[in-house]
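As the structure lists them, so they are numbered: ligands from 1, and atoms in each ligand from 1. One is the number of the first residue; the rest follow in order along the sequence. Predicted model only: the values in this text are computed from it and were never measured.
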Amino acid sequence: MRRASGRAVRHRGERAILREMPTRGDTPIRGRDPSWPAARSGPPVLPGDDPRSIAIAAERLRAGGLVVFPTETVYGLGANALDPRAVARIFAAKERPAFDPLIVHLADASAVGTYAETEDAEDPRVVRLAARFWPGPLTLVLRKRAVVPGIVTAGLPTVGLRVPDHPVARALVRAAGVPVAAPSANRFGHISPTRAAHVVAGLGSRVDLVLDGGPCRVGVESTVVLLAGGRAALLRPGGLAVEAIEAEIGHLEVLVDGAPGTAELAPGRAGGHYAPRVPLEIGDPLDPESAPAFAVRPGERVGLLAASAAGRDAAEAAGGPFAAVEVLDADGDLVGAAARLFDALHALQDAGLSRIVAEPVPDVGLGRAVMDRLRRAAHDSRAVNR
Ligand code: TXA
Ligand code: MG
């Protein structure tokens with residue numbers, strides 16, 4: 001199928017196919033995403049499940065272009081990882097600081113040894129995690145081979161590798177025939193996108209093409225684990241529970257922000273996270289100490305990010321009325337909460353609020369990724385607003 005569509009593109013030309021294919025810019029197609037904005041400008045947005053889209057996007061990647069594609073975690077802003085000029089365009093489009101390395105996406109685990117040192121690629125823990133969790137929301141940071149350009153790893157001796165679990169992402173990487181460097185497809189410091197509409201609103205025509213795969217299933221970024229130089233450390237909690245990883249390979253060190261060595265090993269933690277335009281604070285409606293957070297002063301428009309329906313009811317009993325309410329998961333399920341987190345933050349950020357109060361979730365399983373993102377958002381909003 002891939003070869004057939006590849007032939008079709010060469011034979012008929014990309015422009016002709018783009019003209020013929022319904023794109024999001026012209027008409028809302030297939031009704032997959034009701035939140036699609038009416039804007040007519042912006043990049044072509046093609047349906048990810050059409051093999052012609054994959055062929056066009058793969059060609060764009062090989063030609064040095066920027067292609068946004070869905071993964072199971074969040075949308076990625078992809079470029080050919082072996083083309084330093086293309087990778088430089090990622091940093092420019094995102095306005096991302098050059099010290100923050102990118103994850104390289106592979107079609108399958110067999111390519112690990114091409115990009116990582118043999119000793120790390122053959123480390124039994126790496127082999128085990130790859131076999132158990134790839135494709136999936138896990139990034140392994142291993143010592144890199146020389147073939148990986150320094151710009152991809154921000155000059156670090158290690159590279160983050162991941163096999164995404166999304167049919168569009170895998171078809172694209174396979175069809176491109178090159179590894180794909182891709183950070184989340186948001187501007188630096190903004191909320192990660194879990195829908196194509198978020199990408200178009202945030203990056204617009206800074207990208208060459210967007211593949212629409214509908215909403216992302218996992219909804220938070222991959223869990224990043226360092227397995228290099230004899231270490232085993234959690235660099236970022238994410239869409240794969242730490243407990244599941246530890247059940248396979250034993251205890252992971254947890255790096256503490258600000259501790260010696262953390263910034264060198266995990267540069268992304270220094271500042272590559274969501275800094276809300278609207279101040280956000282974490283408050284537990286059942287904790288009297290949080291009462292001021294739930295008290296709405298006259299003229300204030302406060303948004304509530306509740307972990308569950310019960311949390312919403314408790315918050316409404318503790319204070320309010322709230323101008324906008326988002327419930328992460330009615331039953332308080334943590335997988336459901338992670339899946340809704342960025343969507344809910346996008347909605348609250350666009351609701352014209354003075355501030356957001358967010359209910360904490362338990363710090364276990366995927367709750368760890370949710371709390372990590374909320375704490376960083378709260379920390380940054382203090383820095384920005386006080
Ligand atoms: O789920 C995901 O991981 C998404 C999708 C698109 O794959 N990607 C993503 O990329 O979240 P980004 O760039 O937004 O976050 C990648 C994180 C950054 O915090 C970065 O610092 C860290 O991974 N990272 C990448 N390579 C690294 C390396 N060699 N050493 C330490 N940290 C690394
Ligand atoms: Mg990111």
Per-atom contacts, ligand 1 versus Val141 - under 4.0 Å to a heavy atom: 28 (C), 29 (N), 30 (N)
Lys144 to ligand 1, any heavy atom closer than 4.0 Å: no
For ligand 1, the portion of Glu72 having any non-hydrogen atom under 4.0 Å away: neither
Numbered atoms and elements of ligand 1 in range of Leu235, under 4.0 angstrom, heavy atoms: 31 (C), 32 (N)
Close-contact set for ligand 1 against Ser184 heavy atoms, below 4.0 Å: 8 (N), 9 (C), 10 (O), 12 (P), 14 (O)
Thr73: numbered ligand 1 atoms lying under 4.0 Å from its heavy atoms: 1 (O), 2 (C), 4 (C), 5 (C)
Thr71, any N or O under 3.5 Å of ligand 1 N or O: no
Check: Ala293 main-chain N/O paired with Ser290 side-chain donor or acceptor under 3.5 Å: no
N or O contact, Thr139 vs ligand 1, cut-off under 3.5 Å: no
Evaluation steps, salt bridge (Lys or Arg N to Asp or Glu O under 4.0 Å), between Asp165 and Arg217: CA-CA 10 Å; Asp165 184 19; Arg217 174 173 60 81; 3.1 Å; yes
Stepwise salt bridge (Lys or Arg N to Asp or Glu O under 4.0 Å) test for Asp372 and Arg376: CA-CA 6 Å; Asp372 173 75; Arg376 288 169 190 281; 2.9 Å; yes
Heteroatom test (N, O or S) for Ser184 near the Mg ion (ligand 2), limit 2.8 Å: yes
Side chain to side chain contact (heavy atoms under 4.5 Å, CB included) between Arg162 and Thr73, intermediate numbers included: CA-CA 12 Å; Arg162 147 165 144 82; Thr73 58; 3.2 Å; yes
Numbered atoms and elements of ligand 1 in range of Thr158, under 4.0 angstrom, heavy atoms: 28 (C), 29 (N), 30 (N)
Contacting atoms of ligand 1, where contact means under 4.0 angstrom from a heavy atom of Leu156: 28 (C), 29 (N), 30 (N)
Non-hydrogen atom of Thr153 closer than 4.0 Å to ligand 1: no
Backbone or side-chain N or O of Lys94 under 3.5 Å from ligand 1 N or O: no
Side chain, backbone, both or neither: Leu265 near ligand 1, heavy atoms under 4.0 Å: backbone
Interfacing atoms of ligand 1 (cut-off 4.0 Å, heavy-atom, His105): 5 (C), 6 (C), 7 (O)
Donor-acceptor contact present, side-chain Lys94 to main-chain Ser184, <3.5 Å: yes
Ion pair check, Arg312 and Glu359, cut-off under 4.0 Å: no
Among Leu161, Val224, Leu129, the one residue meeting side chain to side chain contact (heavy atoms under 4.5 Å, CB included) with Leu138: Leu129
Reference residue Leu102; test side chain to side chain contact (heavy atoms under 4.5 Å, CB included); the match among Val180, Val87, Ile151: Val87
Asp100 N/O under 3.5 Å from ligand 1 N/O: yes
Glu289 atom CD, over 12 foreign heavy atoms within 6.0 Å: no
With sequence neighbours excluded, residues passing side-chain hydrogen bond (donor to acceptor under 3.5 Å, both in side chains) with Arg143: Asp120
Atom indices of ligand 1, in the order listed, that fall short of 4.0 Å to a heavy atom of Arg96: 12 (P), 13 (O), 14 (O)
More than 12 heavy atoms of other groups within 6.0 Å of Glu300 CD: yes
